[in-house]
Amino acid sequence: MRWPDLLGSAAANTRRARIRTGLTVVAVFIGACALTLTSGMGTGVNRYIDDTVAAFGDADALYVQKSQPLVELSAGAGPREYDPDTTRIRTGFGVSFEGLSPEDVDFLEELDGVASVKPMYAVSPTYLEAADGSRFQLSPGIPVDAVGLQMVAGGPPAADRDEIAVPDSWVADLGYASAAEAVGGEVVVVMTDLAERDREFPARISGVTQASLAGTSLNPIPSDSFNERLYAYQVGGGPQRVPESFAMATVTVEDMGRAAEIQARLEEREMLGLTVEDQLGMFRTVINAIVWILNACAVIALLAAGLGIVNTLLMSVQERTREIGLMKAMGMSGRAVFGLFSLEAVLIGLLGALLGAAAGVAGGSAVSGALAGGYLSGLPGLSLFAFEAGRVALIVLSVMGIAFLAGTIPAVRAARKDPIASLRHE
């Protein structure tokens, strides 16, 4: 018997006991739908985290700062002794924190394996003034890698211009009707020096940023040169020169395979160097763990569906004992009988898998769209469910494989039946 004939017979046989077959298909459908949804969730959330990583900074860089007591305490270490010679960043407002000194920057530049070092100043403006005269508190973000910023409109601030990128949530408060209208507008950053003298620094709005999980776009982001100008005025005007210090430094590494070695050298000098993955990798780990747990639940549902296939086909073998005997008496080989029942199992799996995957994709896409405009509106760019054709096809094939394995037990039993004994079966 040829395979096309076996396939036709298998399709006809699955329609004999419609209710029993239908219930088995429903069980497979539930497992396939659940597996499709969990896979889509993992893809969607990890894709968002990848975009966030790109927005946070350079994946081939270490973000270096002085080891802070809170960071060390969170790692289980004891308190550090007070050191009056520790470099502090002075803001001119009675606020200071430990920062990198020029000597620290020189040390970073001399490290083996470091391609470049970009120190960053910490700036504390007095306020920001919009074109209509409205004033707002301002905590500018540290200039980040312009390539990774997620923009709603416009572009990142140019490194050599007095420009600033503002968050999407600031657009309406600054007096603009839309993000596109804000691009090209002007704001004024007011700074106060150590002598309590105010000065206005006009800046062009280069673009509007989109909020991200990393938090890099929650505050206005100045250009490098503008940030340096603000800092220079902030620490000026006092009776004594304020020692130069930096909030952090971006260290570009030639080979990230040596990042651990460089991080160890930094610890010896009481500095902390973190990669983007160090800072955001925990999110990915947690999400992947949740997705794997959900996938395990979906696989358990599929295994239960596999038992349903076994039960359905065992009953079919029992009911068709005489038919099997007749087929073998007419010359049908045991291999062909095995193939017939295996194809029935695969068809049940295929039907349930296709329906389940289609329902998962349709339902997940609808839910993702609804959540994007509702509960998840605070995380622009996040698509909770994202489906890739390759992964969906792999799920369908996997379900068919489980169905085939489930069908082997009744198929082997049918193939081994003695034709004489089968024909005498009542």
Side-chain angles (χ1 to χ4, degrees), residues 6-7 10-11 13-46 285-320 324 335 337-365 367 384-417:
L6 285 176
L7 184 60
N13 290 334
T14 56
R15 293 194 294 269
R16 286 187 177 184
R18 288 188 175 88
I19 296 179
R20 188 167 63 213
T21 302
L23 291 175
T24 306
V25 169
V26 168
V28 177
F29 166 89
I30 294 173
C33 182
L35 197 57
T36 302
L37 286 173
T38 55
S39 174
M41 180 185 295
T43 301
V45 175
N46 278 313
T285 301
V286 171
I287 293 300
N288 284 338
I290 293 174
V291 170
W292 275 109
I293 291 173
L294 294 176
N295 280 338
C297 294
V299 170
I300 291 173
L302 285 174
L303 292 178
L307 294 177
I309 293 174
V310 172
N311 180 65
T312 297
L313 292 183
L314 282 176
M315 294 184 68
S316 179
V317 170
Q318 183 67 22
E319 293 171 355
R320 293 155 58 190
I324 293 171
R335 182 177 180 180
V337 173
F338 176 87
L340 176 63
F341 282 89
S342 295
L343 281 175
E344 291 181 27
V346 170
L347 287 176
I348 292 173
L350 175 62
L351 183 58
L354 289 177
L355 293 176
V361 171
S365 300
V367 170
L384 186 59
F385 296 97
F387 302 97
E388 297 177 352
R391 289 198 173 191
V392 174
L394 181 61
I395 289 172
V396 172
L397 292 175
S398 298
V399 173
M400 290 174 61
I402 292 174
F404 172 76
L405 293 176
T408 56
I409 296 175
V412 168
R413 184 172 181 180
R416 290 179 176 177
K417 280 191 173 295

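Model, not experiment: these values are computed from the prediction.
Screening residues 19-31 for salt bridge (charged side-chain N to carboxylate O under 4.0 Å, His left out) gives Arg20-Glu319 as the qualifying pairs, with residues at least two apart or on separate chains.
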Please tabulate, one pair per line, all N/O donor-acceptor pairs under 3.5 Å involving side-chain atoms of residues 30-38, not counting sequence neighbours.
| from | atom 1 | to | atom 2 | distance (Å) |
| --- | --- | --- | --- | --- |
| Thr36 | OG1 | Ala32 | O | 2.8 |
| Thr38 | OG1 | Ala34 | O | 3.1 |
| Thr38 | OG1 | Leu35 | O | 3.0 |
| Thr38 | OG1 | Asn295 | OD1 | 2.4 |

Taking distance alone, no hydrogens or angles, what donor-acceptor pairs closer than 3.5 Å link side-chain atoms of residues 391-406 to residues at least two apart or in another chain?
| from | atom 1 | to | atom 2 | distance (Å) |
| --- | --- | --- | --- | --- |
| Arg391 | NH1 | Thr43 | OG1 | 3.0 |
| Ser398 | OG | Leu394 | O | 2.8 |

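Inter-residue side-chain proximity for Leu294 and Ile290 is flagged as met; some heavy-atom pair is nearer than 4.5 Å.
Screening Leu350, Leu351, Ile309 for a side-chain contact (heavy atoms from CB on, under 4.5 Å) involving Val28 leaves a single residue, Ile309.
Heavy-atom minimum distance, Phe29 versus Leu355: CE1-O, 3.3 Å. Considering all non-hydrogen atoms of both residues, Gly364 and Phe385 come closest at O-CD1, 3.4 Å.
Distance check: Cys297 SG to Leu302 CG gives 11.5 Å after rounding to the nearest 0.5 Å. Atom CG of Leu23 sits about 7.5 Å away from atom CD1 of Ile19, to the nearest 0.5 Å. Atom CD1 of Ile409 and atom CG of Asn311 lie 11.5 Å apart (nearest 0.5 Å).
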